[in-house]
Amino acid sequence: MKILVTGGLGFIGSHTVVELQNKGFEVIVIDNLSNSSLDVLDGITAITGEKPLFQKLDLREKNNVSAFFKEHPDIAGVIHFAASKAVGESVEKPLLYYENNISTLVYLLKELATKENAPFIFSSSCTVYGQADKLPITEDAPVKKAESPYGNTKQIGEEIIQDTCKVHQNIKAISLRYFNPIGAHESANIGELPIGVPQNLVPFITQTGVGIREQLSVFGDDYPTEDGTCIRDYIHVVDLAKAHVVALERLIDNKNKSNYEVFNVGTGTGSSVLEVINSFEKVAGKPLNYKIVNRRPGDVIAAYADTAKANDELGWKAKSSLDEAMDSAWKWEQKVREK
Ligand code: WQD
């Protein structure tokens with residue numbers, strides 16, 4: 001069975017390609033290489049022994065999208081990662097984000113609408129909840145006005161899919177709302193490759209650990225939390241990748257309860273920034289150089305998932321601890337720097 005993975009050379013995409021191949025799926029990857037590199041294909045192949053089909057393609061070019069689907073009528077499902085995902089950049093370049101994250105989704109769905117049967121997995125984010133009123137966050141928590149164009153594209157994306165599925169019953173879709181993906185495959189052949197200065201906490205920590213960055217700035221320790229720093233749900237990227245395969249199989253096996261479903265994908269455990277730093281110091285066996293600075297605008301105080309729906313209905317549960325995820329991130333960082 002051939003599965004299309006858009007953005008399949010990215011951080012979460014590449015780990016999902018590995019898990020799809022591990023489950024016997026044939027994978028074709030499209031990626032415009034704007035935030036990834038062809039080396040990732042070699043990393044995937046080194047792990048599974050099977051090189052995925054690959055086509056460089058920019059989903060903003062709708063004629064090329066149509067041509068691709070005509071060339072591959074046997075695509076049995078789609079997992080859609082391809083999108084821009086930097087919160088800060090989205091504030092400065094909203095039109096780039098609306099074009100790259102929304103127009104591309106519409107072109108993709110127009111192709112799926114012509115297929116007899118189209119299982120579709122959408123990469124969404126806990127960002128849609130903003131600062132939830134209740135913790136842990138359940139799937140029926142209200143979606144709040146996004147704090148950034150990036151977050152808005154995830155909210156709009158979910159609405160576009162929901163409206164489409166109402167009309168095109170042949171499309172069966174699941175939105176997976178990720179919490180904070182971290183870590184790398186245990187082989188350290190693939191992992192997170194932030195371009196430029198990392199925006200996210202864990203890659204900044206590991207780059208500080210190897211000496212690429214001088215010092216980590218902790219954005220505020222005056223929040224109403226136990227140690228004053230923000231709380232997030234850090235999930236191992238391999239656990240997250242496996243959730244995509246389980247969700248796709250749910251649709252292929254017609255186990256879905258409606259043709260549009262939403263699941264939170266997290267560990268269900270919240271960790272503060274200082275706890276993440278402590279985890280690094282434990283696995284690396286050395287102190288991390290950091291300082292407390294002012295808060296970062298737009299940060300929510302705390303966000304962690306209620307995972308009951310994913311555990312009970314999807315039959316999926318995250319397995320790795322924060323330390324195991326951090327250990328894999330640290331191993332990956334050291335290996336990348338050896339090259
Ligand atoms: C986590 C915590 C920061 C960097 C974002 C997106 C989300 C998803 C993951 C795409 C916060 C603190 C961070 C640093 C710090 N992206 N921090 N110093 O903001 O929860 O989520 O990335 O899907 O959609 O919103 O993740 O890693 O940026 O921050 O103190 O140098 O670490 O303040 O409390 P975030 P993050």
Side-chain angles (χ1 to χ4, degrees), residues 7 10-13 15-16 35 80-91 97 100-101 122-132 135 137 143-144 146-155 157-158 175-183 192 194 196-209 212-237 240 244 264-267 270-280 288-305 322 325-326 329:
F11 174 38
I12 306 165
H15 287 83
T16 302
N35 192 19
H80 179 44
F81 293 102
S84 301
K85 63 160 197 166
V87 173
E89 182 188 46
S90 76
V91 175
Y97 273 69
N100 197 37
N101 293 10
F122 179 62
S123 165
S124 190
S125 169
C126 63
T127 304
V128 303
Y129 298 116
Q131 176 55 70
L135 292 169
I137 305 173
V143 169
K144 291 193 175 172
E147 306 256 345
S148 69
Y150 160 74
N152 207 20
T153 65
K154 291 303 178 184
Q155 288 177 4
E158 287 194 10
S175 287
L176 295 179
R177 291 175 177 168
Y178 309 160
F179 280 70
N180 289 57
I182 64 168
E192 194 166 6
V197 178
Q199 298 304 303
N200 294 131
L201 178 65
V202 169
F204 204 109
I205 286 178
T206 56
Q207 288 193 10
T208 304
I212 295 174
R213 307 289 160 205
E214 184 56 39
Q215 182 179 54
L216 169 76
S217 294
V218 172
F219 298 137
D221 69 346
D222 57 349
Y223 285 94
T225 62
E226 208 170 302
D227 64 20
T229 63
C230 294
I231 292 168
R232 296 289 185 276
D233 184 332
Y234 296 94
I235 176 170
H236 196 302
V237 65
L240 177 58
H244 287 77
N264 286 342
V265 188
T267 66
S271 302
S272 73
V273 175
L274 291 180
E275 284 172 328
V276 175
I277 291 171
N278 292 339
S279 174
F280 170 78
L288 183 81
N289 181 12
Y290 70 92
K291 67 179 174 183
I292 308 293
V293 300
N294 292 333
R295 294 182 175 191
R296 177 173 69 173
D299 272 335
V300 298
I301 300 165
Y304 52 94
L322 175 63
M326 181 60 78

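When a ligand or atom number is given, it counts from 1 through the structure's own listing order. Computed from a predicted structure; not experimentally measured.
Neither the backbone nor the side chain of Tyr178 has a heavy atom within less than 4.0 Å of ligand 1. Contacts between Cys126 and ligand 1, counted as non-hydrogen atom pairs separated by less than 4.0 Å, are absent for every part of the residue. Of all the heavy atoms of Asp299, the ones lying under 4.0 Å from any atom of ligand 1 belong exclusively to the side chain. Only the side chain of Asn180 comes within contact range of ligand 1, with a heavy atom under 4.0 Å; no backbone atom does. Of the heavy atoms in Leu216, only side-chain atoms (C-beta onward) come closer than 4.0 Å to ligand 1. Counting heavy atoms under 4.0 Å from ligand 1, residue Lys154 does not touch it at all. Of the heavy atoms in Asn200, both backbone and side-chain atoms come closer than 4.0 Å to ligand 1. Counting heavy atoms under 4.0 Å from ligand 1, residue Tyr234 touches it through the side chain alone.
Here the side chain of Tyr97 pairs no donor or acceptor atom with the backbone of Glu89 at under 3.5 angstrom. In terms of modelled atom types and a separation under 3.5 Å, the side chain of Asp233 and the main chain of Phe179 share no donor-acceptor contact. In this structure, the side chain of Asn35 does not engage the main chain of Gly10 through any donor-acceptor pair within 3.5 Å.
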(message) For Val197 and Phe204: C-alpha separation, side-chain torsions, deciding distance, then whether side-chain contact (heavy atoms from CB on, under 4.5 Å) applies.
(response) CA-CA 8 Å; Val197 178; Phe204 204 109; 3.8 Å; yes

Working note: Cys230 + Ile301, criterion side-chain contact (heavy atoms from CB on, under 4.5 Å); need CA distance, chi angles, decisive distance, verdict. CA-CA 5 Å; Cys230 294; Ile301 300 165; 5.6 Å; no

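Contact annotation for atom 8 (C) of ligand 1: protein absent (non-hydrogen atoms, distance under 4.0 Å).
Within the structure, ligand 1 has Tyr150 among the residues with a heavy atom less than 4.0 angstrom away.
Looking from atom 30 (O) of ligand 1 to the surrounding protein, the closest heavy atom is Phe219 N, 2.9 Å. When hydrogens are left out, the protein atom nearest atom 18 (N) of ligand 1 is Ser217 O, 2.8 Å; that is the closest non-hydrogen contact. Atom 32 (O) of ligand 1 has its closest protein heavy atom at Leu201 CB, 3.5 Å. Of the protein's non-hydrogen atoms, the one nearest atom 20 (O) of ligand 1 is Arg232 NE, 2.6 Å.
The two residues Ala303 and Val300 come nearest to each other via the heavy atoms CB-CG2, 4.2 Å. Nearest approach of Phe11 to Pro181, heavy atoms of both residues: CE2-O, 3.8 Å. Of all the heavy atoms in Asn264 and Ile137, the pair that sits closest is ND2-O, 2.8 Å.
In summary, the side chains of Tyr150 and Ser84 do not present any donor paired with an acceptor at a separation below 3.5 Å, with no hydrogens or angles considered.
The contact set between ligand 1 and Cys230, taken as ligand atoms under 4.0 Å from a residue heavy atom, comprises 34 (O). Remark: ligand 1 atoms within the under-4.0 Å shell around heavy atoms of Val87 are 6 (C), 25 (O). The contact set between ligand 1 and Val218, taken as ligand atoms under 4.0 Å from a residue heavy atom, comprises 30 (O).
Looking at Asp233, Val202, Thr127, it is Thr127 that brings a heavy atom closest to atom 24 (O) of ligand 1. The closest heavy-atom contact to atom 12 (C) of ligand 1, among the options Val273, Val276, Ile231, comes from Val273. Of the options Gln199, Arg177, Glu147, Arg296, the smallest heavy-atom separation from atom 3 (C) of ligand 1 is shown by Arg296.
Counting heavy-atom neighbours within 6.0 Å of Asn294 CG, excluding the residue itself, gives a total of 12 or less. The local environment of CD in Gln131 is crowded, with over 12 non-hydrogen atoms from other residues, nucleotides or ligands closer than 6.0 Å.
For ligand 1, the polar-atom distance check finds no N/O of Lys85 at less than 3.5 Å from any of the ligand's N/O atoms.
A distance of 6.0 Å or more separates the ring centres of Phe81 and His15.
Each of Arg177, Gln155, Glu158, Lys154 was compared with Ser124 under the side chain to side chain donor-acceptor pair (under 3.5 Å) criterion, and only Glu158 meets it.
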